[in-house]
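Computed over heavy atoms, backbone and side chain alike; hydrogens, waters and symmetry mates excluded. A, B, ... follow the sequence lines: proteins, then strands. Residue 1 opens every chain.
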Number of protein chains: 2
Amino acid sequence: MQKKSKIPEPTIARLPVYFRCLMDLKNSEVTIVSSEELATRAGVKASQFRKDLSYFGEFGIQGLGYPVLHLLDRISVIMQLNRKHNAVLAGVGNLGNALIRYPGFSRWGFHITRLFDKDPAKIGTIVEGITIEDIDKITGRLNAQIGIITVPPDAAQETAELLAEMGVKAILNFTGKKLEPGHGVVVRNVDLTHELAILTYHLSTLKGK
Amino acid sequence: MQKKSKIPEPTIARLPVYFRCLMDLKNSEVTIVSSEELATRAGVKASQFRKDLSYFGEFGIQGLGYPVLHLLDRISVIMQLNRKHNAVLAGVGNLGNALIRYPGFSRWGFHITRLFDKDPAKIGTIVEGITIEDIDKITGRLNAQIGIITVPPDAAQETAELLAEMGVKAILNFTGKKLEPGHGVVVRNVDLTHELAILTYHLSTLKGK
DNA sequence: TAGATTGTTAATCGATTAACAATC
DNA sequence: TAGATTGTTAATCGATTAACAATC
C-alpha cells in the first residue's frame, strides 16, 4: 500500500483513448481484438499498448488477443468509469453554460449537480434544471468530488480553495491560471488559448516545407 | 532549412506558459526576471526553462536575468502571437457557441471569422455578428488557417477534410474522434471527457493515502 | 573586481520500442 | 502440434536535471 510502483502519467492519459476504441469495437460487436489492431486504432505502437496494460495486470489471451468486453470492464474499473461521478461547476458564463449541456460528460458518467456563480443576476436562475447558487454562501459539504472551474482568471485561486474546502478532490481548471490547491487535490488544466498557440507555432514550421 | 534540429514537443507546449507568466510580469511592471523566478511561476525547474529557450537562441543577460519585454517579444514571434490569426468554426452547438464568445481567444489574437453548420435551422442565423453558413456550400478559399471543430463525433472526419480542402492548416478538434487530415495539416485534440477520466483515475489513488 | 546568473554540457532519469520466451 | 499473440525484458531513445564554465 505504501510502495508506489509508479504508473507513468502518459500511460494514464492513454487509457481513455483505449477505452474509447474498445467502445467502438463493442458497438461493432467485435468480441476479441489484438494489440496490433487496437493500437493502430488508438494511434500508438502495439508494444506500447501492451506495456501500458502490463502496469495493471494481464488482460489478454496469448495467441488470441484481448476479449473486448472484459478489457473494457477492467479499464472502466481502473479509471473509475464504472460508476457515476458528481461534479460541481463554478462560473456559469459562456463556457460554463456549454459544459453543463455537454452530452459527452453524461455519456461517460459525469453529472454536474450544482452550479455556482457570483453574479447576483445569475444567482437563483435555473439552468438545465439546476438553480445557480451564490458561491460565497455554500453551506455544508458538496456531494461531489469533482469541481469544474470556469470563473474569470482572477477568481480562479479563491474558487479552487473554496471548492477544496467543500470536499472537492479533483479540479478541472479552464481559467488559464496556475492553481495551488490544498494537499490531496488533483488538478488538470485545460487552456484553450495555449492549444491554439501551439497550433500557430506549428503553422510556422509547416511553411518551411 | 532542411535540417530539422527537432525541438521537443514538451518544450513547445511550455512556451505559452512562459508567455503568460511574462505577461503577468509585464503588467506588474517588472523589467527583468531571473530564470529561477520565472520558472517558479511557470511551475518548472529553472534549468528546464533555460534549456527550453536555448533551442531558440540566447535571450538573457548573464549575471542579470531576462529583460521581460524583450523575451515576451521574442516568444511572441516564435509562437506567431505577434499577429492576428483568423479561425473558422464548424459546429455551432453549445460548445461552439461558447468558443465564439470566449474572450481568451481574441485577447491572444485569435479571431473566429466564419461559422459553419449543417442544421438548416441554424444556417442563416447570426451569432456574434457572424452569419452561420451551410458547411456543404462553402465557396472559395477560407481566409483562415485555423479550423475549430465542434461538430458531432460522426461528422468529425468529413468536416476536417472539408476544412483542409478550403485551406485550413491547423485544426483544434473537440470531437473526441481521431482525425486523419491530409498531409501538411496539424491537429490538436481536446477531449474533455478524457480529462475528467484522468481525474477520476487519480481520485482512486488519492484514496489510498 | 566580486557576485550573480546565463547558456550549455554531461549525467540522470524515465518512457518508448523491439525482440522474444512463454503460452494459449 | 503449429501458428499466433501475449507479457516482459532489455535496448533505445529522448527529455529533464544538475553542474559549471562563460560572462555580464
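Residue pairs that meet the salt bridge (Lys or Arg N to Asp or Glu O under 4.0 Å) test with at least one member in residues 180-198 of chain B, sequence neighbours left out, are R20(A)-D191(B), R188(A)-E195(B), E195(A)-R188(B), E9(B)-R188(B), K178(B)-E180(B). The stretch residues 57-84 of chain B participates, sequence neighbours left out, in these ring-ring contact (aromatic ring centres under 6.0 Å, His included) pairs: F49(B)-Y66(B). Under the side chain to side chain donor-acceptor pair (under 3.5 Å) criterion, the residue pairs touching residues 152-164 of chain A are K118(A)-E158(A), Q157(A)-E161(A), with sequence neighbours excluded. Pairs of residues two or more places apart, or lying in two chains, that qualify as ring-ring contact (aromatic ring centres under 6.0 Å, His included) and include a residue from residues 75-97 of chain B are H85(B)-F110(B).
Counting any heavy atom pair closer than 4.0 Å across all strands shown, Q48(A) reaches a base atom.
Judged by distance alone, with hydrogens and angles left aside, the side-chain atoms of T200(A) form no donor-acceptor pair with the main-chain N or O of Q80(B) at under 3.5 Å. At least one donor-acceptor pair closer than 3.5 Å links the side chain of R101(B) to the backbone N or O of N97(B).
To the nearest 0.5 angstrom, Q48(B) atom CD is 12.0 Å from S35(B) atom OG. Note that the CG atom of L53(B) and the CZ atom of R14(B) stand 10.5 Å from one another [nearest 0.5 Å].
Shown here are the salt bridge (charged side-chain N to carboxylate O under 4.0 Å, His left out) partners of R114(A), two or more places apart in sequence or in another chain: E133(A). With sequence neighbours excluded, no residue satisfies side-chain hydrogen bond (donor to acceptor under 3.5 Å, both in side chains) with D117(B). Annotation: salt bridge (charged side-chain N to carboxylate O under 4.0 Å, His left out) contacts of R74(B) (sequence neighbours excluded): none.
Of the residues in residues 8-16 of chain B, those lying under 4.0 Å from DNA chain D by heavy-atom distance are P8(B), P10(B), R14(B). Within residues 34-43 of chain A, the residues having any heavy atom closer than 4.0 Å to DNA chain D are, in order of number, S34(A), S35(A).
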Hey, mind stepping through Y201(B) and L81(A) against side chain to side chain contact (heavy atoms under 4.5 Å, CB included) and telling me if it holds?
CA-CA 9 Å; Y201(B) 169 82; L81(A) 295 173; over 6 Å; no
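Nearer the 5' end of DNA chain C, as judged by each residue's closest nucleotide, is the contact made by L64(B), out of D52(A) and L64(B).
Annotated stems with DNA chain C as a participant read C:3-24 with D:3-24, given as range with range, by first number; only runs of 3 or more Watson-Crick or G-U pairs under 3.5 Å qualify.
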Counting only pairs under 3.5 Å, give me each side-chain donor-acceptor contact of residues 87-96 of chain B, with atom names and distances, residues two or more places apart or in other chains.
none

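Close approach of DNA chain D to chain B, defined as any atom under 4.0 Å from a non-hydrogen atom of the protein, starts and stops at dA15(D) to dC24(D).
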